There are 4 protein chains.
Amino acid sequence: MDFDNGLPIYIQILNLLKIKMATGEIKEGDKLPSVRDMATELKVNPNTISRSYTELEKEDLIYTQRGMGTFVTEDIEKLKALKKKMATKKIHKFILEMKELGFTKEELSRDILELKMEED
Amino acid sequence: MDFDNGLPIYIQILNLLKIKMATGEIKEGDKLPSVRDMATELKVNPNTISRSYTELEKEDLIYTQRGMGTFVTEDIEKLKALKKKMATKKIHKFILEMKELGFTKEELSRDILELKMEED
Amino acid sequence: MDFDNGLPIYIQILNLLKIKMATGEIKEGDKLPSVRDMATELKVNPNTISRSYTELEKEDLIYTQRGMGTFVTEDIEKLKALKKKMATKKIHKFILEMKELGFTKEELSRDILELKMEED
Amino acid sequence: MDFDNGLPIYIQILNLLKIKMATGEIKEGDKLPSVRDMATELKVNPNTISRSYTELEKEDLIYTQRGMGTFVTEDIEKLKALKKKMATKKIHKFILEMKELGFTKEELSRDILELKMEED
DNA sequence: GTGGTCTAGACCACA
DNA sequence: GTGGTCTAGACCACC
């Protein structure tokens, strides 16, 4: 796992966790690794992990129990909403940017399918 | 024109110019506004505009003639390539991210078309 | 009963007991539930209850008889004083904070009455 | 200025700034001291100030201009709303807590006025 | 053991 | 000069 790109490390970790929650790789109620464990595993300072967790907690996606650890929200609806929210946000942004470049949605729809052919 | 979001202002301006070049709103050989003019127009520090121009010059998309000003490249192929390059880059990034969220290209292709219906 | 907010759980429980003593819901000489019973009832670690009791004992509001359990003080004056102490402390803090915000006591006195109208 | 009490320093500073904004001691558009300046002035680590600023920015009460500094929101309505919000929140909390102790609003209203007599 | 806070000092991008 | 991020290491309260 690299953190080369320009984004802050704590954001990259936070996004990683969000994706895992959205795809169900991490489920409701699951215990997240302790701040220290995750820090050593990712070779990052504990403060950095702590910050990722704090941000996620502000979004009500995880919660902490004092002295017990950090857990994914029990509210499965939040996790479902997360996936949908992340997806539509990305799609809208994509279409907006491509429109600026002069693409219509039909072209995009077709290009994406064709791209599939090339890559597979 | 706001520069509220997280991106550096010089990047936002740079992208704006790129899009104008890609869509033909600015054509090969066109003269760009002087650093100072553009700075006052966008209410931005001249250094910021200067940096945008410098970056574009590094990409051979514009060039400066001392005492004359800054101009878009005469090489029309570069501009055509620009559009294609920007588009494919965005598309690849988009598909990659959506795959992480568990979407297939077929779903994306369909979703984009459906999205069209809702919005039009 | 939730313990979501920022306050330490043992403080919340301690305050709860204090209020019950101040309002007479728990009376002088009453036996308190055992640490273990209260812990299971409130779904909390026994250590936490233990700490609440210890703190109350330091304030001479309760006492323990080895092998018998934990009891509210027999000194009825202490309980009366408790109510007054808690009240004046809260009032002073409140007025201090509201003064910082630029409110006079007259305004507060009036606002509280008006607030009553709205809520009843 | 002491930071003795239990609250995190960054919260205390944050609250201080809020009060100054609510009372108009700091006005819309005002430039706040730089992170470093305020840190040396309050004899606190710059990170701590930074955190206070970050939290206030999340509440849209201040904003930062890259490389320029940190400023109070231009939106005067936000500042007015702040005062009202802080006040009602404190009042409600106060009344709630006093009700638990068995006080009616009429008693509170009277007690606050009487308290005035004592203190002046 | 857990997370939360704070300090000290560093580097970076931005204007 | 500005704020943003990160590391290193420490202390604390809580469970």
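Heavy atoms only: backbone and side chains are in, while hydrogens, waters and symmetry mates are out. Labels below follow one simple rule: chain letters A, B, ... track the order of the sequence lines, proteins then strands, and each chain is numbered from 1. Quick caveat: nothing in here was measured; it's all calculated off a predicted structure.
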Undergrad: Just how far, in rounded Å, is P of E/dC6 from CG of D/Leu42?
TA: 13 Å
Undergrad: Taking only residues two or more places apart in sequence, or in another chain, which ones meet A/Glu59 in a side-chain hydrogen bond (donor to acceptor under 3.5 Å, both in side chains)?
TA: A/Lys18
Undergrad: Any salt bridge (charged side-chain N to carboxylate O under 4.0 Å, His left out) involving residues 35-53 of chain A? Give me the pairs, sequence neighbours left out, ordered by first then second residue.
TA: none
Undergrad: Is any side-chain N or O of A/Ser34 closer than 4.0 Å to OP1 or OP2 of E/dT2?
TA: yes
Undergrad: In whole Å, I'd like the distance from the NZ atom of D/Lys58 to the P atom of F/dG4.
TA: 11 Å
Undergrad: Run the numbers on C/Leu17 and C/Met38 for side-chain contact (heavy atoms from CB on, under 4.5 Å), then give the verdict.
TA: CA-CA 12 Å; C/Leu17 291 172; C/Met38 195 153 186; 4.0 Å; yes
Undergrad: Under 3.5 Å for both distances, Watson-Crick or G-U wobble, that's the pair rule; now give the dot-bracket for DNA chain F, with | marking pairs to another strand and [ ] for crossing ones.
TA: ||||||||||||||.
Undergrad: For A/Glu57 and E/dG3, give me the distance from atom CD to atom P, rounded to whole Å.
TA: 11 Å
Undergrad: In whole Å, what is the span from the CZ atom of A/Phe71 to the P atom of E/dT2?
TA: 11 Å
Undergrad: Taking only residues at least two apart or on different chains, which pairs with a member in residues 77-91 of chain D satisfy side-chain hydrogen bond (donor to acceptor under 3.5 Å, both in side chains)?
TA: C/Glu97-D/Lys90
Undergrad: Take atom CD1 of A/Ile13 and atom P of F/dT5, then tell me their distance rounded to the nearest Å.
TA: 13 Å
Undergrad: Return the set of residues passing side-chain hydrogen bond (donor to acceptor under 3.5 Å, both in side chains) with A/Glu55 (not counting sequence neighbours), or none when no residue passes.
TA: D/Lys58
Undergrad: Excluding sequence neighbours, so at least two apart, what forms side-chain hydrogen bond (donor to acceptor under 3.5 Å, both in side chains) with A/Glu100?
TA: none
Undergrad: Decide yes or no on side-chain contact (heavy atoms from CB on, under 4.5 Å) for B/Met21 and B/Leu82, but give the supporting numbers first.
TA: CA-CA 8 Å; B/Met21 288 190 253; B/Leu82 174 63; 4.0 Å; yes
Undergrad: Using whole Å, what does the distance between atom P of nucleotide F/dA8 and atom NZ of A/Lys43 come to?
TA: 13 Å
Undergrad: What integer distance in Å separates D/Ile49:CD1 from E/dT7:P?
TA: 9 Å
Undergrad: Would you please confirm or rule out a distance under 4.0 Å between OP1 or OP2 of F/dG3 and any side-chain N or O of D/Ser50?
TA: no
Undergrad: When you match A/Val44 and D/Thr54 each to their closest nucleotide on DNA chain F, which lands nearer the 5' end?
TA: D/Thr54
Undergrad: Along nucleotides 9-15 of chain F, 5' to 3', which nucleotides get a B, which get an S, and which get a -, given that the test is a protein heavy-atom distance under 4.0 Å?
TA: B----BS
Undergrad: Between P on F/dG4 and CG on A/Leu14, what's the gap in Å once rounded to a whole number?
TA: 17 Å
Undergrad: Going by the rule side-chain hydrogen bond (donor to acceptor under 3.5 Å, both in side chains), which residues pair with B/Glu57 if we only count those two or more places apart in sequence or in a different chain?
TA: B/Thr64
Undergrad: Check ring pair (Phe, Tyr, Trp, His ring centres under 6.0 Å) between B/Phe94 and all other residues, then give those that pass, not counting sequence neighbours.
TA: A/Phe94
